[in-house]
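So the structure is just underneath, and the comments pick up after that.
These numbers come from a predicted model, not from an experiment. In what follows, chains carry the letters A, B, and so on, assigned in the order in which the sequence lines appear, proteins first and then strands, with residues in each chain numbered from 1.
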Amino acid sequence: MALKTPQEYLDDLRKMNINLYMFGEKIENYVDHPIIRPSINAMAMTYKLAQDPEHEDLMTATSSLTGEKINRFCHLHQSPEDLIKKVKMLRLLGQKTGCCFQRCVGMDAFNAVYNTTYEIDQANGTNYHQRFVDFMKYVQENDLAVDGCMTDARGDRSKRPGEQPDPDAYLRVVERREDGVVVRGCKLHQTGMINSHEMLVMPNNTLKDDEKDWAICFAIPVDTPGMIYVYGRQSCDTRKLEGGDVDTGNKYFGGQEVMTIFNNVFVPNERIFMNGEVEFSGTLVERFAGYHRQSYGGCKVGVGDTLIGAAKAITDYQGVSKASHVKDKLIEMCHLNETLYSCGIACSAEGRKTAAGNFLIDLLLANICKLNVTRFPYEIARLAQDLAGGFFVTMPSEKDFANPEIGSLVKKYSTSRSDVPVEHRQRMLRLIENLTMGCAAVGYLTESMHGAGSPQAQRIMITRLVDLEHRKELAEKLCGVKENTDVDWK
Amino acid sequence: MKLRIKFCGGCNPIINRSKLVKAIKDELGRAVNFEIVEQQADVGLIVGGCPVCCVNLSQIEDQARHWVVVGGYLLDHKQIPVDQLPQKVTEKLLEKGGDKSC
């Protein structure tokens, strides 16, 4: 099986035995749960579009491992063109779903683990890379969704993993056996975790020599015994339980974040890709974060496209689209959005080959990309709210619009342009609410801030990657503080 | 005539690619009998949604003897009014598809 159909993907989920809790209760049939299903639909779209001739050029690639046509989400990037197409694919999916579609984090983990394991083996004579190649072939041949799993619970942020009062604050090895290890800990914010077949777990940060137990990278099926999942709440999530389809804003799709608890989980040796090599923990984290910071130059742009579209639509519906300040604000939204896209494309075009053979984005430009992502979606959202007017936070519920006694009055006083059905206005305002302060704001705003690392993490990387002394010397040469031998025409 | 159609991925199209291809098929069908093929086409049509047209031609070049490339409003790098695209593309396909030289 090279490409799985969306139905086959859904069938896979139904077969999984997931130990999931939400609202304090165990959830048995999560695939059809109204709060969860929109996130599954978003992931399913990554399968659907790969089957569509109008999108396959972005959605599929030729495997470097098997030569087969595969979903690009399972691909190891072989060129800057591959990196660029990844960004375009993510933009496309953002446009189609209007939310986080969850599958990029696994792709970013694949590429980081692939080139890091190669370098570990070169340095230490281990065989992690071949194990990982075998795992990747399994993923590609079965078109699996894999959650890239990094962020630990982290306890007291002033203390390192080895200094924590509770050592489980960072996921660690608690038992070593002949055939594998047992791990304990918790990964937070896991995007699309229970919509995935497998998870690829990585250490959270750079580790010291005495922190080998935390330097563990491995892959396991999501329904491995000992795994406990607790579904993360989102703003306005229970609207999905109300039965309507207007007040949810996005009728079909949504994101997903899950608290992921490893309660003494066994990992077999053949699925371990790093085990104590603390000196490579920083490399793995930095590369995974770099790939993921590139991703945001695609996915957030695609979601931004839908918000810009919603802002344009609501100004049309409300009869203000010809006002010059309205046009100007829409242009500003496009400017900000395309700037993010430019950063995603730029760090891809400047990508380089790694020793393992797959391609890595330019880390500086990827961090610039992500730092802009921590800001611009907020400004785009502010402009969308400006253009929408205040009704999107004061509008009565869809049940009031349908009420036999007051419905006609609610509609009468909710009407703007007489030739635009009031329900169109209602739906569009709810979509803007969804994207800027509802369920989708988790992905579009807060995830833009903290996902793939909070802004300070990008600033630290920029400090490391920019040569300020070189720039100082440029200035000193121009103003005569230092000799400038370039200005010699002989 | 054997025709290969290859779409770009469609991440940021400035034209409606599906609508364009439907119009081209209608137009072409009035002029000649044609069938859609994946390989060994007389002529291939690349449908890019924007001028970048990021389809990598070198990866599919051998699937058709000649290629016509649409990238947004560009037809083989030349700007065409959007309402004339179906007709102009069809003319190009007939011209290149009828050419048996390589």
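Contacts between residues 93-109 of chain A and chain B, counted as heavy-atom pairs separated by less than 4.5 Å, involve A/Q95.
In this structure, B/C54 and A/I84 have side chains that are not in contact, with every pair of non-hydrogen atoms separated by 4.5 Å or more.
The greatest number of non-hydrogen atom pairs below 4.5 Å with chain B, out of A/L92, A/D57, A/D52, is found for A/D57. For the set B/G10, B/C11, B/C8, the entry with the most heavy-atom pairs within less than 4.5 Å of chain A is B/C11.
More than 12 heavy atoms of other residues, nucleotides or ligands sit less than 6.0 Å from atom CD of A/E379. Atom CZ of B/F34 has more than 12 heavy atoms from other residues, nucleotides or ligands within 6.0 Å. No more than 12 heavy atoms of other residues, nucleotides or ligands sit less than 6.0 Å from atom CG of B/N33.
Closest approach of B/N56 to A/K85, counting heavy atoms only: N-NZ, 4.1 Å.
Distance alone, capped at 3.5 Å, is enough to place a donor-acceptor pair between the B/R17 side chain and the A/E54 backbone.
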